[in-house]
Number of protein chains: 2
Amino acid sequence: MLNSSADSHLEKGIVTQLRGYLAQIDLADDGRLPPERELSAALGVSRTELRKALDVLEAEGQLWRHVGKGTFMGSRPLDTFADIAALARRSNPAEVMRARIVMEPEICRAAAFTATPEDIAEMRMCLTRSRQAETWRQYEAWDTRLHRTIAEASQNTLLLGLFDTLNAVRRAVTWGRLRTEPVKPLPDHHSFAEHEAIVDAIEHRDIAAAAAGMRAHLQTVERKLLDRQ
Amino acid sequence: MLNSSADSHLEKGIVTQLRGYLAQIDLADDGRLPPERELSAALGVSRTELRKALDVLEAEGQLWRHVGKGTFMGSRPLDTFADIAALARRSNPAEVMRARIVMEPEICRAAAFTATPEDIAEMRMCLTRSRQAETWRQYEAWDTRLHRTIAEASQNTLLLGLFDTLNAVRRAVTWGRLRTEPVKPLPDHHSFAEHEAIVDAIEHRDIAAAAAGMRAHLQTVERKLLDRQ
DNA sequence: TTGGATACCAATTTTGTTTTGGTTTATATT
DNA sequence: AATATAAACCAAAACAAAATTGGTATCCAA
């Protein structure tokens, strides 16, 4: 009654039966299909045979499975590493600057639309404090706060969240050589004028100038950083 | 509400008592101090009075509190919400589209520089598969994969990480209205031609066209999304 | 040897309970 | 009248217990 060809035919039969079943049911929003125990009962096959059929479909890339989670149609979601530490480990200062140059000018453009007088007042305070800074640490604190205030002013919580993530990675990334420079920021430090140009542009609702100013500023930072001045 | 001198003297007494207590105990390494109910008993003060004293210290920035968590010494950690769920809760579809329009065109520009032939081959496969899609679910899977392949091709792990974060938020955000559209993507769906224009630009190393194509594509998506209904 | 039923495992999700800061209300107390 | 106290209640968060789920091994039968 049974031979090898009949066996494979039987298995293929279950696979096609499963294919039909999957095509007919409309699965949940996340593409999850019933647990194996239910599915085997619904199809009238043993769990062992069902799993063989699922193995085939998984090998074809039509579905993916995970213990405790379930079985899902489509391709396995790629491991999205939102973990700051993991990101910082794989990244480097050059990438951080690239990412800043991608994101911050556009965030700044949005901020020029939506910044409130309070936002701008806080930006101006950051400018003043950063000029008064007695140490590089203080300067960086006010610089960081200025950039974040601009991101806040965009009034887009998602962009702000992405900015924060980027910032956290920036802090976590290993920068190798550090401030060998003069102990305190000199009055003619390039950032001062650039920062003021940016805030001016935001205050005057000059969208293009705001974005361009931020881009120019970050490119200067990048150049100073990578060229070793 | 103003206090008489006698009242403020009393309250200050509790505040100083609390200060002494906090100086003497060695708190856990997370800076957490005992719950209010314990603390009030330990100090022999009613919870109401203790809370007034804690209000003072909190206003001074010496500690911060959060329901369910507890009371902690030091300054409240800057709420850098890299947490996807928290981000999704505060965000909305409009912000997601804005953020995509900010990030993806620039990522696409970078990809046009650095994409390998293998990257481009995978993009082309995504194009083909998305055209063959029999359901919206399948289409979206290949659409998502195309966009991520482009992000991968930028060869910037940080930008890729930010892209993944954005994508995770996109999936988690509540979209309200759902597919009322035809059961499967029609052959003249706008995305097909737009996607192909983007991949063509990347393949020909046309940096500007790649960025512009992606921007145009996402703006079309945004328009379709927000205008209708 | 093959297939089926069963039990078990570890990862994960779901559910329920406890804890915690915040708030209100009734009752003394002065 | 003003205010402190105690108690109860709330929602957010943490914590713990239970139920699911894919993966695997075992035993049994055909």
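Worth knowing before you read on, the calculation uses all heavy atoms, side chains too, and leaves out hydrogens, waters and symmetry mates. Each chain gets a letter, A, B and so on, in the order its sequence line appears, and its residues count up from 1.
Taking atom CG of residue L33(A) and atom P of nucleotide dT21(D), one finds them 11 Å apart after rounding to whole Å. One atom, CD of E38(A), and another, P of dT20(D), lie 10 Å apart when rounded to the nearest Å. As rounded to whole Å, 8 Å separates atom P of dT5(D) from atom NZ of K52(B). The interatomic distance linking L50(A) (CG) with dG23(D) (C1') rounds to 13 Å, in whole Å. Rounded to an integer number of Å, the gap from CZ of R51(B) to C1' of dT23(C) is 8 Å. Here dT20(C) presents its P atom at 15 Å from CH2 of W64(B), a figure rounded to the nearest Å. Nucleotide dT2(C) holds its C1' atom 9 Å from the CD atom of E49(A), rounded to whole Å. In this structure, the CG atom of D30(B) is 13 Å from the C1' atom of dA14(D), given to the nearest Å.
Distances shorter than 4.0 Å separate some side-chain N or O of R65(A) from OP1 or OP2 on dG23(D).
In terms of heavy atoms, M123(B) sits closest to A115(B) at CE-CB, 4.4 Å.
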Can you name the atoms? Protein N/O to nucleotides 5-13 of chain C N/O, anything below 3.5 Å, with the distance.
from	atom 1	to	atom 2	distance (Å)
dT12(C)	OP1	H66(A)	NE2	3.2

Report the C-alpha distance between K52(B) and V56(B) in whole Å, list the side-chain angles of each, state the deciding distance to 0.1 Å, and finish with yes or no for side-chain contact (heavy atoms from CB on, under 4.5 Å).
CA-CA 7 Å; K52(B) 286 183 188 170; V56(B) 175; over 6 Å; no
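Distance alone, capped at 3.5 Å, places no donor-acceptor pair between the S154(B) side chain and the I150(B) backbone. Listed for the E95(A) side chain is a donor-acceptor partner under 3.5 Å among the backbone atoms of L158(B).
T71(A) and E36(A) are not linked by any side-chain donor-acceptor pair at a separation below 3.5 angstrom, with hydrogens and angles left out of the test.
To the nearest 0.5 Å, the span separating CD on E152(A) from CZ on R145(A) amounts to 8.5 Å.
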